[in-house]
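Whatever order the structure lists them in is the order used to number ligands and atoms, beginning at 1. These numbers come from the heavy atoms of this one structure, side chains and all, not from hydrogens, waters or symmetry mates. It should be emphasised that the depicted structure is a prediction, and the values quoted were computed from it without experimental measurement.
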Amino acid sequence: MIAFITGATSGIGEACAAKFAENGYDLILTGRRKERLEELKARFNKVKVLLLEFDVRNRNEVKKAIDSLSGQWKSVDVLVNNAGLALGLSTIQDGDIDDWETMIDTNVKGLLYMTRGVSELMIPRNSGHIVNIGSIAGKEVYPKGNVYCATKHAVDALNKAMRLDLLPHNIRVSEVCPGMVETEFSVVRYKGDAERASKVYDGIDALKGEDIADIVYWIASQPPHVNILEVVVTPTAQGNATNTIRKS
Ligand code: NDP
Ligand code: 8X3
């Protein structure tokens, strides 16, 4: 079995790689940080690991990476569309347009390029499973989350739409929509300000990448006639996108 995981160099993607490796899957792992990818290959040495270093925003790079797959690596059983990010937190009137472009290009267009390429490998085999990492931000909006929330609402819509398109080809499509997961997500959102990022999780027993990986693996390991459409998951201390209880 082969799992193709985008954004495996950190957080949820890295935890998914560990979970699938633990369960005997060979891995195609992607990201832009080459050193991190090499570390993963050394770590998951009990399974076969193929590293593909590319930027999901670049459609030519995505196509080249997928076209480079040969032999067994073409038989992708599970695609985890995980690579993504939030940049900044600001009102629409103050938003940084470059940040908007990056979020849209990564979270929406990158996911589309990946899905287009990998579904072409799954269709002739009449088999496959695509697990999209959405967000609670794709189910609700919160102040200053405008464009990030819009990209995750797009993932939510695409998840439903691609399921219909791929239905005749026996390809399962599922979405996991997490609330607060303590990864590098907030460090990226606050552009390297680790102190501000850590405050996001102050007093909250946040989800970990491993919690999401367990759910992704559970979805992927259902019997062939079962498709989990979506899972929305938050820390117990988070009631929805905007309400949390913090321990002092
Ligand atoms: P991390 O920042 O820890 O990981 C993000 C991953 O995405 C990295 O491996 C990064 O790799 C990759 N990535 C980002 N941009 C690109 C790009 N242009 N090309 C290729 N890879 C890219 O965050 P998370 O693990 O938390 O995030 C993973 C997913 O989960 C995202 O889609 C995020 O929106 C979603 N999510 C996160 C939540 C949270 O609270 N943490 C909650 C809900 C959803 P590299 O930098 O090496 O390219
Ligand atoms: C990440 C969750 O609520 O921080 O998608 O935007 S949130």
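- Each of D26, L52, I66 was checked for a side-chain contact (heavy atoms from CB on, under 4.5 Å) with W73, and the lone residue meeting it is D26.
- Legend: residues meeting salt bridge (charged side-chain N to carboxylate O under 4.0 Å, His left out) with K199, ordered by chain and number and at least two apart, are E195.
- Residues satisfying the salt bridge (charged side-chain N to carboxylate O under 4.0 Å, His left out) test with D67, not counting sequence neighbours, are K63.
- In the hydrophobic clustering of this structure, M162 groups with F4; members are Ile, Leu, Val, Met, Phe, Trp, Tyr whose side-chain heavy atoms approach within less than 4.5 Å, directly or through other members.
- The protein heavy-atom contact nearest to atom 2 (C) of ligand 2 is S135 OG, 3.6 Å.
- Any N or O atom pair closer than 3.5 Å counts here, and Q238 shares no such pair with ligand 2.
- Ring centers of Y113 and F54: at least 6.0 Å apart, outside the cut-off.
- Taking a cut-off of under 4.0 Å to the non-hydrogen atoms of Y148, the atoms of ligand 2 that pass are 1 (C), 5 (O), 6 (O).
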Distance-only criterion, 3.5 Å: show the donor-acceptor pairs between side-chain atoms of residues 43-50 and protein atoms not counting sequence neighbours.
from: R43; atom 1: NH1; to: E14; atom 2: OE2; distance (Å): 2.7
from: K48; atom 1: NZ; to: Q72; atom 2: OE1; distance (Å): 3.2

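- Ordered by chain and residue number, the residues placing a heavy atom less than 4.0 Å from ligand 1 are G7, A8, T9, S10, G11, I12, G31, R32, R33, F54, D55, V56, R57, N82, A83, G84, T106, I133, G134, S135, Y148, K152, P178, G179, M180, V181, T183, E184, F185, V188.
- Residues L87 and V56 fall into different hydrophobic clusters, defined by Ile, Leu, Val, Met, Phe, Trp and Tyr side chains chained together at heavy-atom separations under 4.5 Å.
- Scanning all protein heavy atoms for the shortest distance to atom 3 (O) of ligand 2 gives Y142 CE2, 3.6 Å.
- A salt bridge is defined here as a Lys NZ or Arg NE, NH1 or NH2 lying under 4.0 Å from an Asp or Glu carboxylate O, and D156 with K160 meets this definition.
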